Amino acid sequence: GVWRQTRALLFKNCLIKCRTKKSSVQEVLFPLFFLFWLILMSMMHPHRKYGEVPNTNLGTLDTSMLVNFVIGYTPPTRMAREIMKKVAFDNFEEGIITEEYLSEEELQEASAFKPSNFVGVVFNDAMSYQLRFPDSVAMSSIYMESR
């Protein structure tokens, strides 16, 4: 019954492997070659470990740099308006202008016309948001690998 069929199938597979030695060797060596290649690549580009940054007092914020600074946000919901009102008036006495936009496309168009002093905020929901910086902002070299 079953044992006889299994034995015949195993014998047939052994005969096929013996007759096609080239493909049998390739089946074993290709995965080993790719594994070796992955290990070699990971050794050439190791992950960098950065130490902790100690807590330091950064001093007071120089608000003179924020004169005529524009923060655009979308969508203009009640919660977004309240958050942006707190950002503009509770933290800074003068200098920050908030503008609301109906869509993310309008926000991107506005950032194209005001690239040097414009930051966009896209609220996903009441608890999360994304910042949109102009392309001229210098990115930290620490995070370039993860981008």
Side-chain angles (χ1 to χ4, degrees), residues 2-77 79-80 82-84 86-88 90-92 95-147:
V2 175
W3 170 245
R4 202 164 120 199
Q5 287 179 346
T6 306
R7 198 176 67 194
L9 185 61
L10 185 62
F11 182 70
K12 178 187 135 198
N13 287 338
C14 286
L15 280 177
I16 290 173
K17 292 295 179 190
C18 289
R19 289 178 183 164
T20 57
K21 289 180 177 135
K22 182 178 177 184
S23 65
S24 299
V25 169
Q26 286 176 349
E27 284 180 17
V28 173
L29 291 183
F30 274 158
L32 292 176
F33 171 74
F34 288 127
L35 180 65
F36 170 74
W37 187 256
L38 284 174
I39 291 171
L40 183 67
M41 294 301 287
S42 68
M43 288 171 55
M44 289 174 61
H45 300 286
H47 292 287
R48 294 186 184 140
K49 302 278 187 207
Y50 296 99
E52 285 187 21
V53 177
N55 291 336
T56 57
N57 185 5
L58 299 176
T60 59
L61 178 65
D62 183 15
T63 57
S64 65
M65 295 180 66
L66 300 176
V67 174
N68 296 326
F69 198 74
V70 179
I71 300 177
Y73 64 94
T74 188
T77 61
M79 181 65 75
E82 288 178 18
I83 292 170
M84 295 312 291
K86 278 191 170 293
V87 167
D90 292 356
N91 297 324
F92 307 101
I96 293 187
I97 303 164
T98 58
E99 298 175 354
E100 64 180 44
Y101 295 94
L102 297 176
S103 68
E104 196 170 341
E105 289 79 22
E106 287 182 21
L107 182 74
Q108 288 175 347
E109 288 176 14
S111 70
F113 294 117
K114 309 171 192 178
S116 63
N117 61 347
F118 187 84
V119 172
V121 181
V122 178
F123 288 94
N124 299 329
D125 52 39
M127 298 301 289
S128 66
Y129 61 90
Q130 293 179 340
L131 298 176
R132 302 282 195 250
F133 292 100
D135 292 335
S136 62
V137 174
M139 298 298 287
S140 172
S141 62
I142 295 172
Y143 301 108
M144 289 304 278
E145 282 188 14
S146 63
R147 279 180 72 191

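Here the structure is a predicted model, which is why all the values come from computation and not from measurement.
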To the nearest 0.5 Å, what is the distance between [atom1] ([X]) and [atom2] ([Y])?
| X | Y | atom1 | atom2 | result |
| --- | --- | --- | --- | --- |
| L40 | L35 | CG | CG | 11.0 Å |
| M44 | M41 | CE | CE | 5.5 Å |
| T74 | Q130 | OG1 | CD | 12.0 Å |

Restricting to side-chain contact (heavy atoms from CB on, under 4.5 Å), what partner residues turn up for [X], sequence neighbours left out?
| X | answer |
| --- | --- |
| F33 | none |
| F30 | Q26, F34 |
| M43 | I39 |

So, using side-chain hydrogen bond (donor to acceptor under 3.5 Å, both in side chains) as the criterion, who are the partners of E52 when residues are at least two apart? none
Show, in sequence, the C-alpha distance, side-chain angles and deciding distance for V121 and L131, and conclude whether the side-chain contact (heavy atoms from CB on, under 4.5 Å) test is met. CA-CA 5 Å; V121 181; L131 298 176; 3.7 Å; yes
If I compare all heavy atoms of [X] with all of [Y], which pair ends up nearest, and what's the gap?
| X | Y | answer |
| --- | --- | --- |
| M84 | T98 | O-CG2, 3.9 Å |
| A80 | P75 | CB-O, 3.5 Å |
| L107 | Y101 | CD1-CD1, 3.5 Å |

Under the salt bridge (Lys or Arg N to Asp or Glu O under 4.0 Å) definition, can you give me all pairs with a residue in residues 9-21, not counting sequence neighbours? K17-E27
Working for side-chain contact (heavy atoms from CB on, under 4.5 Å), residues F123 and I83: CA-CA 10 Å; F123 288 94; I83 292 170; 3.9 Å; yes
Where do S128 and D125 land on the side-chain contact (heavy atoms from CB on, under 4.5 Å) test, with the steps shown first? CA-CA 6 Å; S128 66; D125 52 39; 3.0 Å; yes
Residue pairs, two or more places apart or on separate chains, that pass side chain to side chain donor-acceptor pair (under 3.5 Å) and touch residues 32-46: none
When R132 is tested against each of E106, E105, E104 for salt bridge (Lys or Arg N to Asp or Glu O under 4.0 Å), which residue passes? E104
